Amino acid sequence: MDISKERKNLSEARRIVVKIGTSSITDKRSRLDPGKVGKLVEETMRLRARGKEVIIVSSGAIGAGVGRINLERRPRKMPSLQAAAAVGQGVLMQVYSKYFGEYEQPVAQMLLTGEDFTKPKRYQNFKHTLATLLKWGVVPIVNENDCVEVEEIRLGDNDTLSAHVTIGSKADLLVILSDVGGLYRGYPKKGKRGDLIRTIKRVTRGVEQLASRNFRGFGGMRTKIRAAKMVTKAGIPVVIANGEEKNVLERVMSGEEIGTLFLSERRKK
Ligand code: GLU
């Protein structure tokens with residue numbers, strides 16, 4: 001298989017889901033960093049200018065809430081996390097709207113729960129709304145509806161949410177942006193680059209074990225690999241890359257060997 005061809009093919013993706021992790025838009029104290037949001041909005045708009053449809057799945061509601069209320073630290077208990085998300089989701093949307101507004105780009109807030117993907121009627125509704133937004137040229141900004149989620153129906157992490165959104169929207173590519181540069185063979189120590197895996201042909205048990213061994217508590221690589229497995233099995237490639245890299249989205253889209261590419265396992269239906 002010609003892997004560089006697979007990379008180049010990414011430039012043909014028309015509909016792209018970009019998952020933005022909390023660490024990509026918050027500061028060291030986990031509070032929302034508007035400058036980082038601005039950078040990713042600018043990058044998204046460059047894809048829009050190339051005629052791409054972009055769906056953003058963004059975390060950061062809890063972080064934004066913590067900052068807005070001036071809490072000392074991120075709470076642990078569920079009701080407090082949910083309340084922080086309820087405050088922060090508005091702040092998050094305000095910041096996105098402000099930066100996208102500079103390009104006169106309309107955005108939409110979509111708050112989803114686990115049930116929106118398991119109950120057929122709700123899944124249909126989600127897909128119809130999303131399709132209409134994309135037809136109108138809107139950039140949907142998706143997050144889990146944290147304030148009403150209880151443990152049983154919770155997806156719990158936005159990697160899984162982004163996988164469902166990618167499959168449900170029949171997107172051509174999922175880009176997961178985080179604070180790590182991709183999947184490493186060894187633990188990436190400070191100042192050392194580690195051994196970044198450029199391409200994964202199939203998410204095997206070995207790959208899953210690599211994620212859980214090396215990345216426990218480090219950027220949640222486990223949920224990212226699980227998301228990559230779901231999406232590649234549905235016939236859609238995934239790239240995990242560092243959200244702070246310059247022009248990261250454009251570079252992924254132009255076929256540059258940045259981050260880790262997970263090849264799709266079959267043709268998309
Ligand atoms: N929905 C949560 C938030 O917006 C984040 C969940 C996650 O990052 O996986 O803060």
Side-chain angles (χ1 to χ4, degrees), residues 17-34 36-37 40-41 55-97 99 107-117 126 139-168 174-180 211-212 215-231 238 240-244:
V17 175
V18 180
K19 191 263 171 178
I20 300 176
T22 299
S23 60
S24 299
I25 47 170
T26 52
D27 61 20
K28 285 198 188 80
R29 295 173 65 203
S30 306
R31 293 169 185 220
L32 196 65
D33 181 339
K36 290 186 178 174
V37 177
L40 291 169
V41 166
I55 302 165
I56 291 178
V57 176
S58 179
S59 307
I62 296 173
V66 169
R68 185 69 187 81
I69 310 174
N70 238 335
L71 298 176
E72 290 265 317
R73 65 182 81 84
R74 190 183 164 101
R76 294 234 173 99
K77 293 209 174 95
M78 210 36 183
S80 307
L81 283 170
Q82 292 180 306
V87 174
Q89 182 61 30
V91 178
L92 188 63
M93 283 310 295
Q94 195 181 21
V95 175
Y96 273 113
S97 300
Y99 284 105
V107 294
Q109 170 181 258
M110 290 188 96
L111 296 179
L112 303 170
T113 69
E115 289 189 319
D116 292 317
F117 302 101
F126 152 69
V139 172
I141 301 175
V142 183
N143 197 357
E144 186 158 13
N145 195 358
D146 292 308
C147 75
V148 295
E149 291 288 41
V150 288
E151 215 53 70
E152 303 79 65
I153 58 160
R154 227 174 154 235
L155 289 171
D157 68 88
N158 278 4
D159 296 318
T160 310
L161 176 63
S162 69
H164 284 297
V165 170
T166 304
I167 296 166
L174 167 63
V175 182
I176 299 182
L177 297 179
S178 101
D179 58 349
V180 285
S212 63
F215 289 90
R216 190 165 290 132
F218 190 79
M221 193 48 76
R222 226 174 181 162
T223 52
K224 288 176 183 44
I225 299 300
R226 210 186 308 135
K229 189 174 178 177
M230 269 172 76
V231 172
V238 177
I240 299 179
N242 189 328
E244 290 196 36

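Since the model is a prediction, treat every value here as computed from it, not as a measurement. Here, residue 1 is the first one in the sequence, and each next residue gets the next number. Only heavy atoms go into these numbers, but all of them, side chains included; no hydrogens, no water, no symmetry mates. When a ligand or atom number is given, it counts from 1 through the structure's own listing order.
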K.L.:
Enter the distance from I225:CD1 to M230:CE here, rounded to the nearest 0.5 Å.
P.N.:
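Between I225 CD1 and M230 CE, I get 14.0 Å after rounding to 0.5 Å.
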K.L.:
Say whether, by atom type as modelled, one donor and one acceptor occur between the side chain of K36 and the main chain of T26 under 3.5 angstrom.
P.N.:
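Yes, because the side chain of K36 sits within donor-acceptor range (under 3.5 Å) of the backbone of T26.
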K.L.:
Got a second to check how far I176's CD1 is from N242's CG, nearest 0.5 Å?
P.N.:
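These two atoms lie 13.5 Å from each other.
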K.L.:
Tell me which residues fall inside the under-4.0 Å heavy-atom shell around ligand 1.
P.N.:
T22, S59, G60, A61, I62, N143, D146, D157, N158
K.L.:
Find the distance between CE (M110) and CD1 (I141) and round it off to the nearest 0.5 Å.
P.N.:
11.5 Å
K.L.:
Just how far is it from atom CG of N158 to atom OG of S59, taken to the nearest 0.5 Å?
P.N.:
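If I round to the nearest 0.5 Å, the distance is 3.5 Å.
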K.L.:
Could you measure the distance from the CD1 atom of I62 to the CG atom of L32? Nearest 0.5 Å is fine.
P.N.:
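Here the rounded value is 13.0 Å.
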